[in-house]
Amino acid sequence: MAGSPTARRRRLSIELKKLREKSTLTCAQVGEALDWSGSKVNRMETGSGRVQPSDIDALCRFYGTSDDLREFLKSLARQAKVRGWWQVHGAGIPEWFNIYIGLEQDASTFRQYQCEVVPGLMQTEAYASELHKTGAHMSAAEIEKAVQVRMERQGMLRRPDAPDAWFIVNEGALRHVIGDRALMREQIERVLATSDLPTVTLQILPFDSGTYPTTGSFTMLGFPAPEDPDVVYRDGITDAVYLEGEHHVREYTRAFDGLRAAALSPQRSTLLIESILKDYTR
């Protein structure tokens with residue numbers, strides 16, 4: 001069972017939906033049978049509402065599940081209420097991003113394309129701070145909290161069970177000066193250091209790569225349990241989109257493969273990054 005509260009809540013939602021679909025009933029029909037609203041059942045199955053152990057008892061009696069499955073689902077419901085380490089930072093982290101961090105912490109595979117900025121898992125504190133100062137309307141204290149969470153997130157790449165992480169970064173993200181040249185020199189050095197980690201693969205999409213899938217930045221997360229489907233994540237200024245359907249995952253996988261084919265090899269990518277570093281050193 002995955003470890004973060006977000007992953008447990010997601011797994012619980014998946015299992016509850018499977019039970020209902022096996023019974024061939026609609027959310028409204030289940031809700032009517034239990035004297036609930038159909039929307040309550042739907043919220044349980046989408047992870048948008050809290051599920052109490054007593055709710056699990058009622059559902060399992062209705063569906064006629066085994067005692068072992070009932071206790072497993074109740075355990076998921078209880079543990080889903082635990083706050084993740086990143087949630088103690090409060091207002092510095094939007095609620096929609098809290099969900100992503102919980103999923104990220106449990107991922108076994110990580111695929112990301114970044115077309116505008118250096119990936120968050122490779123950013124220095126100074127670089128991340130500059131990004132948060134621009135147009136975010138955050139207080140200094142909120143920026144500090146957000147940057148601290150980003151720095152702590154980077155620890156996932158150095159864990160003994162670190163995910164298999166593959167980054168594709170547009171060359172423009174490395175040449176776009178954030179802050180000043182000294183800051184960028186430090187940032188490019190961090191990119192090189194991160195790319196040396198044993199579970200990290202980095203490719204640069206150069207300016208002269210020709211045509212490639214124009215998707216915008218996105219992240220794909222895979223999980224160790226076969227019951228947990230892959231997630232495609234895209235974020236914006238005020239919200240984020242989580243795509244789990246087989247069609248979405250297949251098309252983004254195809255796009256990532258196209259970007260990977262158009263990008264430089266990891267070895268040639270390192271040479272280009274070192275060349276960019278020299279430009280910032282002059």
Side-chain angles (χ1 to χ4, degrees), residues 100-101 103-124 127-128 131 150-151 153-159 161-178 181 183-224 230-235 240-241 243 248-281:
Y100 171 77
I101 298 176
L103 295 173
E104 180 187 70
Q105 294 298 302
D106 282 287
S108 57
T109 62
F110 182 96
R111 303 287 183 267
Q112 185 175 84
Y113 171 58
Q114 275 291 350
C115 59
E116 292 187 286
V117 298
V118 171
L121 295 179
M122 296 184 176
Q123 291 175 10
T124 64
Y127 185 97
L131 290 179
R150 183 161 299 182
M151 296 302 103
R153 283 173 51 213
Q154 294 176 2
M156 65 181 279
L157 297 179
R158 294 170 173 80
R159 297 188 323 227
D161 62 341
D164 175 22
W166 199 304
F167 298 88
I168 300 175
V169 181
N170 194 290
E171 181 179 348
L174 303 181
R175 294 194 182 276
H176 179 199
V177 177
I178 301 295
R181 295 177 68 82
L183 186 156
M184 288 304 300
R185 182 169 62 251
E186 179 187 27
Q187 177 57 73
I188 299 303
E189 289 172 345
R190 173 68 64 83
V191 170
L192 284 169
T194 305
S195 70
D196 280 339
L197 294 173
T199 61
V200 172
T201 301
L202 171 62
Q203 290 182 264
I204 303 302
L205 188 68
F207 288 143
D208 62 357
S209 61
T211 58
Y212 56 85
T214 53
T215 61
S217 299
F218 66 93
T219 303
M220 298 178 61
L221 302 173
F223 304 91
D230 292 356
V231 175
V232 177
Y233 170 81
R234 301 189 64 156
D235 62 11
V241 175
L243 305 171
H248 296 299
V249 172
R250 181 177 64 250
E251 291 305 311
Y252 274 90
T253 298
R254 184 176 297 168
F256 191 83
D257 288 343
L259 290 163
R260 187 167 56 182
L264 298 175
S265 68
Q267 294 76 19
R268 292 181 63 196
S269 294
T270 296
L271 293 176
L272 177 57
I273 298 170
E274 290 173 344
S275 173
I276 294 172
L277 178 59
K278 288 180 182 178
D279 291 341
Y280 284 125
T281 305

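Values below: all heavy atoms of this structure, side chains included; hydrogens, waters and symmetry mates excluded.
No more than 12 heavy-atom neighbours from other residues, nucleotides or ligands sit within 6.0 angstrom of CD on Glu116.
The minimum heavy-atom distance between Gln114 and Ser217, with the atom names listed, is OE1-OG, 3.1 Å. Contact detail for Gln123 and Val117: the closest heavy-atom pair is NE2-CG2, 4.4 Å. For Pro224 against Ser108, the heavy-atom pair with the smallest separation is N-OG, 3.3 Å. Between Gly258 and Pro213 the shortest heavy-atom distance is C-CD, 3.9 Å. Between Pro206 and Glu171, the shortest heavy-atom contact is CA-OE1, 3.3 Å. For the pair Leu157 and Ala165, the tightest heavy-atom approach, listed with the atom from each and the gap, is CD2-CB, 3.9 Å.
The closest donor-acceptor contact from the side chain of Gln203 to the backbone of Leu264 lies under 3.5 Å. A distance-only check finds no donor-acceptor pair linking the side chain of Ser275 to the backbone of Leu271 [under 3.5 Å]. Side-chain atoms of Arg185 come within 3.5 Å of backbone atoms of Tyr280 as a donor-acceptor pair (strictly under, hydrogens ignored).
A 4.5 Å side-chain heavy-atom check between Tyr212 and Asn170 finds at least one atom pair inside the cut-off. Within the 4.5 Å cutoff, the side chain of Gln105 has heavy atoms near those of the Arg159 side chain. Within the 4.5 Å cutoff, no side-chain heavy atoms of Tyr233 are placed close to those of Leu103. Counting only heavy atoms from C-beta outward, the side chains of Gln112 and Leu121 never approach each other to under 4.5 Å. Contact of the Arg175 side chain with the Asp279 side chain is registered, since non-hydrogen atoms from C-beta on lie closer than 4.5 Å. Two residues are said to be in side-chain contact when any heavy atoms from C-beta on lie closer than 4.5 Å; Arg111 and Asp164 meet this criterion. Side-chain contact between Leu272 and Arg268: absent, with no pair of heavy atoms (C-beta onward) separated by less than 4.5 Å. The shortest side-chain heavy-atom distance between Tyr100 and Val231 does not fall under the 4.5 Å cut-off.
Using a 4.0 Å cut-off between charged side-chain N and carboxylate O, Arg254 and Asp257 make no salt bridge.
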Give the C-alpha distance, both sets of side-chain angles, the deciding distance and a yes or no for side-chain contact (heavy atoms from CB on, under 4.5 Å) between Leu131 and Arg150. CA-CA 12 Å; Leu131 290 179; Arg150 183 161 299 182; 4.2 Å; yes
Apply the test side-chain contact (heavy atoms from CB on, under 4.5 Å) to residues Ile273 and Leu202: give CA-CA distance (whole Å), side-chain angles for both, the deciding distance (0.1 Å), then the verdict. CA-CA 10 Å; Ile273 298 170; Leu202 171 62; 3.5 Å; yes
Please step through side-chain contact (heavy atoms from CB on, under 4.5 Å) for the pair Val191 and Phe167, ending with a clear verdict. CA-CA 11 Å; Val191 170; Phe167 298 88; over 6 Å; no
Test side-chain contact (heavy atoms from CB on, under 4.5 Å) on Trp166 and Thr109; report intermediate values, then the result. CA-CA 8 Å; Trp166 199 304; Thr109 62; over 6 Å; no
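Note on ring orientation: taking the six-membered ring where Trp is involved, the planes of Phe218 and Tyr113 are tilted (angle from 30° to 60°).
Interatomic distance, CE of Met184 versus OG1 of Thr281, reported as 11.5 Å (0.5 Å rounding). One finds the OH atom of Tyr127 at 9.0 Å from the CG atom of Leu183 (value rounded to the nearest 0.5 Å). In this structure, CG in Leu243 is found 12.0 Å from CG in Asp230, a value given to the nearest 0.5 Å. The CZ atom of Phe256 sits 10.0 Å away from atom OG1 of Thr215, with the distance rounded to the nearest 0.5 Å.
Only one option out of Thr124, Leu174, Val169 pairs with Val118 in a side-chain contact (heavy atoms from CB on, under 4.5 Å); it is Leu174.
Within the structure, every pair that satisfies the side-chain hydrogen bond (donor to acceptor under 3.5 Å, both in side chains) test and touches residues 188-202, not counting sequence neighbours, is listed here: Gln154-Arg190.
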